Visitor: 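Below: one structure in structure tokens.
Note that the coordinates shown come from a computational prediction; the quantities given were computed from them, not determined experimentally.
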Amino acid sequence: MSKDLRAEAIFRPADHVAIIMDGNGRWATNRGLPRLVGHRKGAERVRQIVRAAPGLGIRWLTLYAFSTENWKRSTEEVLGLMAIFARYIEREADRLAAEGVRMRFVGERSRLDPKLQRLMAGIEARTAGNDRLNLTVAINYGGRDEILRATRKIAEEVANGLLRPSDLTEAALAARLDTGGLPDPDLVVRTSGETRTSNFLPWQAAYAEYEFTETLWPDFTPDELGAMINRFSNRERRFGAVIA
């Protein structure tokens with residue numbers, strides 16, 4: 001392998017960081033507080049990490065906010081989370097637009113409250129021209145659900161004669177995922193000490209590096225994220241190749 005390719009494999013920056021934000025409820029419970037207090041604290045941490053991301057060299061930041069399995073939680077907690085999402089969009093819209101952040105959402109939206117859907121569509125349209133930081137938030141997202149929905153799209157296109165089975169490639173499937181047009185994550189982080197990937201970006205993160213930390217999300221700082229990015233930059237990423 002050439003020196004240039006070797007350097008690219010070893011020193012490729014973490015352009016795209018994806019984070020499973022876990023531990024809000026535990027953070028609150030450990031302090032004798034209602035779980036929703038932890039989620040509100042977690043939203044404050046989102047604000048801080050988003051602001052710090054460009055300075056850490058991050059161009060794409062994807063945050064796992066609510067999974068397809070999180071509907072199993074209590075009605076009070078689910079409704080509270082939806083209210084927090086809506087409040088975040090309303091409060092942060094001006095700042096995100098002014099700071100050059102493009103905000104997008106992935107996940108199946110039809111089950112979400114219509115007001116929240118309108119807020120999501122509105123901030124996506126408002127920030128569509130920004131490119132300093134690409135912020136993607138996964139709400140009602142599940143990797144298997146995403147792949148299933150993409151597969152159904154492909155089946156419909158084949159049935160309608162719009163796509164031949166022989167034309168189906170990895171790129172064609174990727175383009176039909178919720179994340180179509182977005183680069184795959186370089187680094188996936190999970191907070192709170194759990195070491196599961198929890199159905200988060202299973203297709204896209206096939207070659208990502210992972211970092212797991214005991215830190216609960218409300219306590220996760222830009223400094224800790226920066227340390228992870230520094231470790232990432234020292235990892236040798238071969239992507240199946242052999243580096244001499």
Side-chain angles (χ1 to χ4, degrees), residues 1-23 42 45-65 67 92 96 99-107 127 130-138 141 143 146 170-171 174 177-243:
M1 179 177 286
S2 71
K3 289 183 179 180
D4 288 344
L5 289 177
R6 187 176 190 279
E8 181 181 355
I10 297 175
F11 300 111
R12 184 180 178 188
D15 286 331
H16 186 175
V17 176
I19 304 178
I20 303 171
M21 306 179 295
D22 194 19
R45 186 60 64 187
V46 168
R47 185 181 300 112
Q48 185 178 17
I49 293 297
V50 169
R51 298 197 76 169
L56 296 172
I58 299 170
R59 297 179 55 214
W60 306 80
L61 178 65
T62 300
L63 304 176
Y64 202 7
S67 77
E92 294 298 302
L96 293 174
E99 295 185 0
V101 177
R102 179 175 185 179
M103 191 171 191
R104 281 174 275 205
F105 298 89
V106 293
T127 63
N130 295 343
D131 61 4
R132 181 168 175 259
L133 174 68
N134 292 273
L135 172 63
T136 304
V137 179
Y141 173 86
E146 177 189 33
E170 287 189 11
L177 296 174
D178 295 349
T179 55
L182 302 179
D184 289 342
D186 301 296
L187 174 65
V188 179
V189 175
R190 179 166 188 159
T191 61
S192 87
E194 304 293 347
T195 54
R196 299 182 299 275
T197 60
S198 292
N199 204 14
F200 184 48
L201 304 178
W203 175 280
Q204 300 88 335
Y207 280 97
E209 300 286 332
Y210 279 81
E211 285 269 2
F212 299 97
T213 175
E214 297 285 338
T215 305
L216 302 178
W217 174 248
D219 294 325
F220 186 72
T221 65
D223 286 343
E224 185 169 2
L225 178 57
M228 292 177 175
I229 290 173
N230 285 337
R231 287 195 291 273
F232 172 89
S233 68
N234 291 316
R235 293 180 182 177
E236 189 173 274
R237 308 185 74 213
R238 300 183 180 89
F239 300 98
V242 176
I243 299 174

Visitor: Not counting sequence neighbours, which residues clear side-chain hydrogen bond (donor to acceptor under 3.5 Å, both in side chains) with Asn134? List them please.
Guide: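 Only Arg104 meet the side-chain hydrogen bond (donor to acceptor under 3.5 Å, both in side chains) criterion with Asn134.
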Visitor: Hey, does the side chain of Tyr64 reach the backbone of Leu201 with a donor-acceptor pair shorter than 3.5 angstrom?
Guide: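 Side chain of Tyr64 to backbone of Leu201: no pair is present.
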Visitor: Which residues pass the ring-ring contact (aromatic ring centres under 6.0 Å, His included) test with Phe220, not counting sequence neighbours?
Guide: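 By the ring-ring contact (aromatic ring centres under 6.0 Å, His included) rule, Phe220 matches Trp217.
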Visitor: How far apart are the closest heavy atoms of Ala174 and Trp203, and which atoms are they?
Guide: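 Where Ala174 meets Trp203 most closely, the heavy atoms are CB-NE1, 3.9 Å.
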Visitor: According to side-chain hydrogen bond (donor to acceptor under 3.5 Å, both in side chains), who are the partners of Ser198, at least two apart in sequence or on a separate chain?
Guide: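 Scan of Ser198 (side-chain hydrogen bond (donor to acceptor under 3.5 Å, both in side chains), adjacent residues dropped) gives Arg190.
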Visitor: Working to the nearest 0.5 Å, report the span between CZ of Arg231 and CG of Leu187.
Guide: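 Atom-to-atom, Arg231:CZ and Leu187:CG are 9.0 Å apart.
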Visitor: So Leu133 and Leu61, side-chain contact (heavy atoms from CB on, under 4.5 Å) or not? Walk me through it.
Guide: CA-CA 7 Å; Leu133 174 68; Leu61 178 65; 4.2 Å; yes
Visitor: Hey, are the side chains of Asp219 and Thr221 touching, using non-hydrogen atoms and a 4.5 Å cut-off?
Guide: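 When only atoms from C-beta onward are counted, Thr221 and Asp219 do not touch, as no gap falls below 4.5 Å.
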Visitor: How would you list, by chain and number, every residue that makes a side-chain hydrogen bond (donor to acceptor under 3.5 Å, both in side chains) with Asp178, sequence neighbours excluded?
Guide: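 So Asp178 forms a side-chain hydrogen bond (donor to acceptor under 3.5 Å, both in side chains) with Arg149.
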Visitor: So, does Asp186 use its side chain to make a donor-acceptor pair with the main chain of His16 at under 3.5 Å?
Guide: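 Indeed, once roles are kept as given, a pair shorter than 3.5 Å links the two residues.
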Visitor: At their closest point, which heavy atom of Val137 faces which heavy atom of Ala65, and how far apart are they?
Guide: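 Shortest heavy-atom separation between Val137 and Ala65 comes out as CG1-CB, 3.7 Å.
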Visitor: For the residue pair Val106 and Glu146, establish whether any side-chain heavy-atom pair is separated by less than 4.5 Å.
Guide: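 When only atoms from C-beta onward are counted, Glu146 and Val106 do not touch, as no gap falls below 4.5 Å.
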Visitor: Check step by step if side-chain contact (heavy atoms from CB on, under 4.5 Å) holds for Val17 and Ile19.
Guide: CA-CA 7 Å; Val17 176; Ile19 304 178; 4.0 Å; yes
Visitor: Output the distance between atom CZ (Phe212) and atom CG (Asp22), rounded to the nearest 0.5 Å.
Guide: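 It comes to 11.0 Å.
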Visitor: Using side-chain heavy atoms (C-beta onward) and a distance below 4.5 Å, is Phe105 in contact with Tyr141?
Guide: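 Phe105 does not reach Tyr141 side chain to side chain.
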Visitor: Go through the structure and list residues passing salt bridge (Lys or Arg N to Asp or Glu O under 4.0 Å) with Arg132, not counting sequence neighbours.
Guide: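 Listed in chain order: nothing, the list is empty.
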Visitor: Do Trp60 and Leu182 have side chains that get closer than 4.5 Å, going by heavy atoms?
Guide: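 Touching, per the 4.5 Å side-chain cut-off.
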Visitor: Please identify each residue that fulfils side-chain hydrogen bond (donor to acceptor under 3.5 Å, both in side chains) with Thr213, with sequence neighbours left out.
Guide: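 Partners of Thr213 under the side-chain hydrogen bond (donor to acceptor under 3.5 Å, both in side chains) test: Thr215, Glu224.
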Visitor: Go through it in stages, so that I can follow the logic: the residues are Glu211 and Val188, the test is side-chain contact (heavy atoms from CB on, under 4.5 Å), and I'd like the CA-CA distance, side-chain angles, deciding distance and then a yes or no.
Guide: CA-CA 6 Å; Glu211 285 269 2; Val188 179; over 6 Å; no
Visitor: Between Val46 and Leu63, does the side-chain contact (heavy atoms from CB on, under 4.5 Å) criterion hold? Intermediate values first, please.
Guide: CA-CA 9 Å; Val46 168; Leu63 304 176; 3.8 Å; yes
Visitor: Using residues 48-59 as the side-chain source, report each donor-acceptor pair under 3.5 Å to any protein atom, sequence neighbours left out, with the distance given to one decimal.
Guide:
| from | atom 1 | to | atom 2 | distance (Å) |
| --- | --- | --- | --- | --- |
| Gln48 | OE1 | Arg45 | NH1 | 2.1 |
| Arg51 | NH2 | Glu99 | OE2 | 2.9 |

Visitor: Measuring from Tyr207:OH to Asp184:CG, what's the distance to the nearest 0.5 Å?
Guide: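 One finds 11.0 Å between OH of Tyr207 and CG of Asp184.
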Visitor: Let me confirm one number: the CE-CG distance from Met103 to Leu135, rounded to the nearest 0.5 Å.
Guide: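 With rounding to 0.5 Å, CE (Met103) is 5.0 Å from CG (Leu135).
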Visitor: Using 0.5 Å steps for rounding, measure from the CD1 atom of Ile20 to the OG1 atom of Thr191.
Guide: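 If I round to the nearest 0.5 Å, the distance is 8.5 Å.
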Visitor: Hey, are the side chains of Thr195 and Tyr210 touching, using non-hydrogen atoms and a 4.5 Å cut-off?
Guide: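 The answer is no; the side chains never approach within 4.5 Å.
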